[in-house]
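Reading through the structure tokens given below for one structure.
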Amino acid sequence: MDLEAPVADNIRAVAKAKGSTVNDVTVCILDRPRHDSLVADVRAAGARIQFIRDGDVAGALMACSPDSGVDLLWGIGGTPEGVIAACAVKSLGGVILARLAPRSASEREAAADAGLDLRAVLSTDDLVRSEDAFFAVTGITDGEVVRGVRYGAGTAVTDSIVMRAKSGTVRQVTATHRLDRLAEYSAVDYEHPTPAMAAGIHRED
């Protein structure tokens, strides 16, 4: 991979690594107007596109998961999301390359004041230097990699993914929570939910 090269060159590199053609490469792209030219370049290269409405981190997880159907995540996302994604990528054995992309004069000025080099290409190890890194995600609503919360009679079921970079261990956890037990020690009143909570439960039912 080469962040300095056109996206078409990177697509061809992925296709070569897969032993396939560019037509078999799927690129995950956040569906935003700022990516219109990127979308055109990917289509011109002959690769497939999987759009996501949000969730930069989910896109990174899919790009590093062999059964997701996604080979590459490309585009401009949030800086905090990039660091979080790097923890997952390191755990999964993938590669992330990134460069700061300020979208306003104030962001560019803040980067300059912090002494950051906007031309530098940051690797996975630049974003997460320690091998003692962990990643955990629990779905609230249904997403690309985890299901959202499902409510039953006095219960809530959640799906989570937990990773450790040092061992490369990936755990998928489905947990059933008894709301009456949680109410015994939680600051949240599960037995008498607020209107907002009740509305959420109703929608899931």
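All residue numbers in this chain count up from 1 along the given sequence. Worth knowing before you read on, the calculation uses all heavy atoms, side chains too, and leaves out hydrogens, waters and symmetry mates. Just so it is clear, the model here is predicted, and its values are computed rather than measured.
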Legend entry - Within residues 42-66 or reaching into it, pairs that qualify as salt bridge (charged side-chain N to carboxylate O under 4.0 Å, His left out) - sequence neighbours excluded: Asp24-Arg48

Legend entry - Trp74 side, atom CH2; Met1 side, atom CE - distance, nearest 0.5 Å: 5.0 Å

Inset, instruction - Classify the side-chain pair His177/Thr155 by whether it contains a donor and acceptor separated by less than 3.5 Å. - result: no

Legend entry - Partners passing side chain to side chain contact (heavy atoms under 4.5 Å, CB included) against Ser37 (at least two apart in sequence or in another chain): none

Legend entry - Co-members of the apolar cluster containing Val146 [side chain, <4.5 Å]: Leu30, Ile52, Val57, Leu61, Met62, Val70, Ile84, Leu92, Phe135, Val137, Val145, Ile161, Met163, Val170

Inset, instruction - Could you tell me which non-hydrogen atom of Ser68 sits nearest to which non-hydrogen atom of Ala63, and how far apart they are? - result: OG-N, 4.4 Å

Inset, instruction - Using modelled atom types only, decide if a donor and an acceptor are shared between the side chain of Thr124 and the backbone of Ile96 within a distance under 3.5 Å. - result: yes

Legend entry - Residue pairs involving residues 114-124 (criterion salt bridge (charged side-chain N to carboxylate O under 4.0 Å, His left out); sequence neighbours excluded): Asp117-Arg119

Inset, instruction - Flag yes if more than 12 heavy atoms outside Arg181 fall under 6.0 Å of its CZ atom; otherwise flag no. - result: no

Inset, instruction - Give a yes or no on whether the backbone of Gly148 and the side-chain of Arg150 come within a donor-acceptor separation of less than 3.5 Å. - result: yes

Legend entry - Partner residues of Ser160 under the side chain to side chain donor-acceptor pair (under 3.5 Å) criterion, sequence neighbours left out: Thr138

Legend entry - Non-neighbouring partners of Ser130 that pass side chain to side chain contact (heavy atoms under 4.5 Å, CB included), sequence neighbours left out: Asp132

Inset, instruction - Go through the structure and list residues passing side chain to side chain donor-acceptor pair (under 3.5 Å) with Ser123, not counting sequence neighbours. - result: Asp126

Legend entry - Nearest atoms (heavy-atom pairs only) where Ala45 meets Ile11: CB-CD1, 4.1 Å

Inset, instruction - With sequence neighbours excluded, give me every salt bridge (charged side-chain N to carboxylate O under 4.0 Å, His left out) pair touching residues 1-21. - result: Glu4-Arg99, Asp9-Arg12, Lys18-Asp71

Legend entry - Inter-residue atom distance Glu144.CD - Ser65.OG, 0.5 Å rounding: 11.5 Å

Inset, instruction - Quick one: name the residues clustered hydrophobically with Leu116, using the 4.5 Å side-chain heavy-atom rule over I, L, V, M, F, W, Y, and just say none if it's on its own. - result: Leu100, Leu118

Inset, instruction - Sequence neighbours left out, what passes side chain to side chain donor-acceptor pair (under 3.5 Å) with Thr174? Give chain and number order. - result: Asp159

Legend entry - Qualifying salt bridge (charged side-chain N to carboxylate O under 4.0 Å, His left out) pairs with a residue from residues 100-116, counting only residues at least two apart or across chains: none

Legend entry - Residues that Arg178 engages under side chain to side chain donor-acceptor pair (under 3.5 Å), provided they are two or more places apart: Asp180

